[in-house]
Amino acid sequence: MKRIFAIFLLCIILLVSCGKSTENTNYKTDITVEKITQKIFETAENIPLTKADEGYVALNIPIEISLAEEFEIYISTTSNANLIGVFKATSEENADKLLTQSQEYLQSLEDNWMSDYLPEELPKIQNAVCKKFGLYVTFIVLDDASRDNAISDVENMLKK
C-alpha cells in the first residue's frame, strides 16, 4: 500500500511540474532588445558599430532570425572585430537554438579569420562571449574589459 501511495504521489508531482519551465524563472521576459543593446553601448563607450539590417544578417550571419521575436546585431564599420548580437527568442527551445547558432557563428569567425588581416583583433573573437539568459541570447565580441562588463550588466539587467 505504501508503494502504491508513493507511486501515486510521484505521479501527482510529475503532473504538477509537467509543462512548467525552470529555465526562464530567473530572468525577466519583458525587456526589449533595444534596451539591452543600449546597456551594452553604455558599458562599452565609444565603440563604433552600426546596426545591421535583416538583409545583411540574412546574407552574412548564419543565424535563423525567425527564431527571435526581436533582435539587433551591430557590426564594425572600421578595422576591428567588434560585434554585438542580442536576440529575444520566441520560446525557450528557440533560445537554445539561437545560442547554438551564435556559438557556431563565432567559431566560424575564428576558424576563418585571416591571420594576416588584423592579427591583433583575433583574440577578441577567440574570447568572445555567447550567453543565454532565459529567452534572451547575446554574443559580444569586444575587448576583454568592455565584453566582461557588458555581459555582467546584461545579466544584472535581466535577473528577476
Side-chain angles (χ1 to χ4, degrees), residues 9-78 80-110 121 123-160:
L9 186 58
L10 179 62
C11 288
I12 296 295
I13 292 169
L14 289 173
L15 283 173
V16 169
S17 65
C18 184
K20 287 188 178 179
S21 171
T22 58
E23 196 163 333
N24 238 356
T25 57
N26 296 325
Y27 296 103
K28 297 174 184 175
T29 59
D30 60 345
I31 306 293
T32 65
V33 165
E34 181 180 17
K35 284 186 181 179
I36 295 169
T37 55
Q38 285 175 352
K39 180 58 111 176
I40 294 170
F41 279 109
E42 287 172 16
T43 303
E45 296 177 19
N46 300 322
I47 296 180
L49 294 173
T50 300
K51 186 175 179 181
D53 63 21
E54 283 190 41
Y56 178 89
V57 173
L59 290 172
N60 297 290
I61 301 177
I63 295 175
E64 289 179 76
I65 56 175
S66 64
L67 300 174
E69 182 179 307
E70 56 179 315
F71 77 96
E72 288 188 356
I73 296 177
Y74 287 84
I75 58 173
S76 176
T77 56
T78 61
N80 64 51
N82 297 338
L83 183 65
I84 294 170
V86 179
F87 305 87
K88 181 178 181 186
T90 57
S91 68
E92 289 185 37
E93 180 183 349
N94 286 345
D96 290 333
K97 289 177 184 177
L98 286 166
L99 178 66
T100 299
Q101 291 175 9
S102 295
Q103 291 167 333
E104 290 170 351
Y105 170 59
L106 293 175
Q107 185 61 52
S108 73
L109 286 178
E110 181 180 345
E121 293 293 305
K124 287 182 185 178
I125 295 171
Q126 292 169 326
N127 298 322
V129 172
C130 189
K131 287 223 163 194
K132 181 180 139 195
F133 306 102
L135 292 177
Y136 299 91
V137 174
T138 187
F139 61 80
I140 300 177
V141 180
L142 296 172
D143 64 83
D144 292 345
S146 296
R147 179 203 63 232
D148 292 346
N149 290 335
I151 207 71
S152 176
D153 286 351
V154 169
E155 183 169 22
N156 289 334
M157 178 185 210
L158 292 174
K159 278 185 181 176
K160 283 187 177 177

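Computed from heavy atoms alone, side chains included, the values below leave out hydrogens, waters and symmetry copies. Worth saying up front: this structure is predicted, and the values here are computed from it rather than measured.
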- request: Answer yes or no: is there a side-chain heavy-atom contact under 4.5 Å between C130 and L99?
  value: yes
field: Considering all heavy atoms, the nearest T29-K88 contact
entry: O-NZ, 2.5 Å
task: Using the side chain to side chain contact (heavy atoms under 4.5 Å, CB included) rule, take I125 and V141 through it: C-alpha gap first, then chi angles, then the decisive distance, then the call.
output: CA-CA 6 Å; I125 295 171; V141 180; 4.1 Å; yes
message: Testing the 3.5 Å rule here: is there a donor-acceptor pair between the side chains of T43 and D153?
response: yes
- request: Please round to the nearest 0.5 Å and tell me the distance separating atom NZ of K51 and atom CZ of F71.
  value: 8.0 Å
message: Looking at every heavy atom in both A128 and L106, which two are closest together, and how far apart are they?
response: CB-CD1, 3.9 Å
message: Using only atom types and a distance under 3.5 Å, with no angle test, would you say the side chain of T138 pairs donor to acceptor with the backbone of G85?
response: yes
field: Contacts of S108 that satisfy side-chain contact (heavy atoms from CB on, under 4.5 Å) - sequence neighbours left out
entry: Y105, N112
- line: Of all heavy-atom pairs linking K28 and K159, the shortest is CE-O, 3.2 Å
task: Taking atom types as modelled, find out whether E72 and T37 have a side-chain donor-acceptor pair closer than 3.5 angstrom.
output: yes
query: Side chain of E70, backbone of T32: donor and acceptor closer than 3.5 Å?
result: no
- prompt: Do I31 and Y136 come close enough that some side-chain heavy atom pair is under 4.5 Å?
  reply: yes
- prompt: So, does N127 use its side chain to make a donor-acceptor pair with the main chain of P123 at under 3.5 Å?
  reply: yes
- prompt: Atom CG of N94 and atom CG of L135: how far apart are they, to the nearest 0.5 Å?
  reply: 9.5 Å
message: To check you understand the geometry: which heavy-atom pair defines the closest contact between K39 and M157, and what is its length?
response: CB-SD, 4.0 Å
query: For S146 and D143, does a side-chain donor sit closer than 3.5 Å to a side-chain acceptor?
result: yes
statement: Between A89 and L98 the two heavy atoms that sit nearest each other are CB-CD1, 3.7 Å
query: For N26 and K160, does a side-chain donor sit closer than 3.5 Å to a side-chain acceptor?
result: no
- prompt: Parallel, tilted or perpendicular: which describes the rings of Y27 and F133, with under 30° parallel and over 60° perpendicular?
  reply: perpendicular
- prompt: Roughly how far, to the nearest 0.5 Å, is the CG atom of D148 from the OG atom of S152?
  reply: 8.5 Å
statement: CZ of R147 to CD1 of I84, rounded to nearest 0.5 Å, is 12.5 Å
Nearest-0.5 Å distance that lies between atom CD1 in I47 and atom CG in L49: 6.5 Å
- line: Taken to the nearest 0.5 Å, the spacing of E104 CD from L109 CG works out to 12.5 Å
task: Taking the side chain as every heavy atom from C-beta outward, state whether Y56 and I75 have any pair of such atoms under 4.5 Å apart.
output: yes
query: Side chains of V129 and I151: closer than 4.5 Å at any heavy-atom pair?
result: yes
query: Is there side-chain contact between I63 and V57, with at least one heavy-atom pair below 4.5 Å?
result: no
Note, F139 side chain near L83 side chain (heavy atom, < 4.5 Å): yes
